[in-house]
Amino acid sequence: SVAWVMSRKNVLFLFFFLLSALGYVEAMARRQEGLRGTGGMLFASALLYFVACLAKTAALPLPLALCVVDLASGRDARRSPLRRLLGTLPSKLPYLLPFAAVVVSSLLYSAPNPFRTDFGFSPLEWLVIVGHNFFFYVEKTLLPAGLAPFYPLPAAGSLPAHFVLY
């Protein structure tokens, strides 16, 4: 029963995420047909998006997914994909307020991680480490040789050459 309780947030997140996406698709269909109620549907979709974000912050990328939906819908196919995308950005504005509210509240009210330590890396060193890790994981996916369960970070202030030159 503990596993079920822990996964309830996933069910709630997905339910409201999909309802929000369906509300958006319906609003865009109404707009294309010239029917009334587009604004109300967008508002309802944004409200459902907010509830999905409250259930789980994994819902935050929904506006990006809606951009993909807009591009895949084939509406106004004569225009370039970039122009179609830019034309649909105003319909994503209702999602901006819930997005900002969830991000700000997450930053303000999240408990500090007791396992986090200050590794002493500068922002540039973190950027190099992230770049290295990206290419490292691509390499290990394509050529899975020399795998280990743990890859330690280098000592702060002395990044090995392979981190920079990767």
Side-chain angles (χ1 to χ4, degrees), residues 1-25 42 44-73 80-82 84-86 88-89 91-166:
S1 70
V2 172
W4 178 84
V5 170
M6 293 303 292
S7 68
R8 183 174 51 173
K9 68 179 179 180
N10 295 330
V11 174
L12 285 172
F13 144 71
L14 186 60
F15 178 72
F16 290 113
F17 185 91
L18 291 177
L19 276 179
S20 177
L22 286 173
Y24 176 81
V25 169
L42 277 177
S45 177
L47 187 63
L48 290 166
Y49 169 64
F50 181 64
V51 174
C53 288
L54 290 178
K56 192 172 183 179
T57 56
L60 284 174
L62 176 67
L64 294 176
L66 296 179
C67 289
V68 172
V69 167
D70 286 337
L71 287 176
S73 70
S80 72
L82 182 60
R84 281 190 293 165
L85 184 63
L86 291 175
T88 63
L89 283 182
S91 65
K92 310 304 180 292
L93 289 177
Y95 301 93
L96 189 60
L97 183 62
F99 180 87
V102 170
V103 168
V104 167
S105 66
S106 293
L107 292 174
L108 289 177
Y109 300 115
S110 62
N113 186 348
F115 301 107
R116 178 172 170 122
T117 59
D118 184 15
F119 293 107
F121 294 114
S122 70
L124 181 61
E125 288 174 322
W126 274 118
L127 187 62
V128 168
I129 290 171
V130 168
H132 169 267
N133 290 346
F134 176 78
F135 290 109
F136 178 80
Y137 286 116
V138 169
E139 175 199 344
K140 292 302 177 187
T141 301
L142 298 176
L143 183 65
L147 298 176
F150 178 72
Y151 299 99
L153 285 171
S158 61
L159 288 179
H162 74 277
F163 267 72
V164 179
L165 300 175
Y166 211 110

(request) If a pair satisfies salt bridge (Lys or Arg N to Asp or Glu O under 4.0 Å) and one of its residues is in residues 91-107, list it, with sequence neighbours excluded. (result) D70-K92
(request) Sequence neighbours left out, what passes ring-ring contact (aromatic ring centres under 6.0 Å, His included) with F50? Give chain and number order. (result) none
(request) May I ask you to decide if the ring planes of F136 and H132 are parallel, tilted or perpendicular, using 30° and 60° as cut-offs? (result) parallel
(message) My understanding is that only residues two or more places apart in sequence, or in another chain, count here; which of them pass side-chain contact (heavy atoms from CB on, under 4.5 Å) with S45?
(response) S20, Y24, Y95
(message) List the residues meeting ring-ring contact (aromatic ring centres under 6.0 Å, His included) with F99, not counting sequence neighbours, and say none if there are none.
(response) none
(request) Taking all heavy atoms of P94 and all of A46, pick out the closest pair and write down the distance. (result) O-CB, 3.4 Å
(request) Could you pull out all residues at least two apart from L147 that satisfy side-chain contact (heavy atoms from CB on, under 4.5 Å)? (result) K140, P144, Y151
(request) Could I get the full list of side-chain contact (heavy atoms from CB on, under 4.5 Å) partners for T57, not counting sequence neighbours? (result) L60, V102, S106
(request) Enter the distance from L89:CG to L96:CG here, rounded to the nearest 0.5 Å. (result) 11.0 Å
(message) Please report the interatomic distance CG(L47) to CG(L19), rounded to the nearest 0.5 Å.
(response) 11.0 Å
(message) List the residues meeting side-chain contact (heavy atoms from CB on, under 4.5 Å) with V130, not counting sequence neighbours, and say none if there are none.
(response) none
(message) How close do A52 and F17 get, counting heavy atoms only, and between which atoms?
(response) CB-N, 3.6 Å
(message) When you compare the side chain of F16 with that of C53, does any pair of heavy atoms fall below 4.5 Å?
(response) no
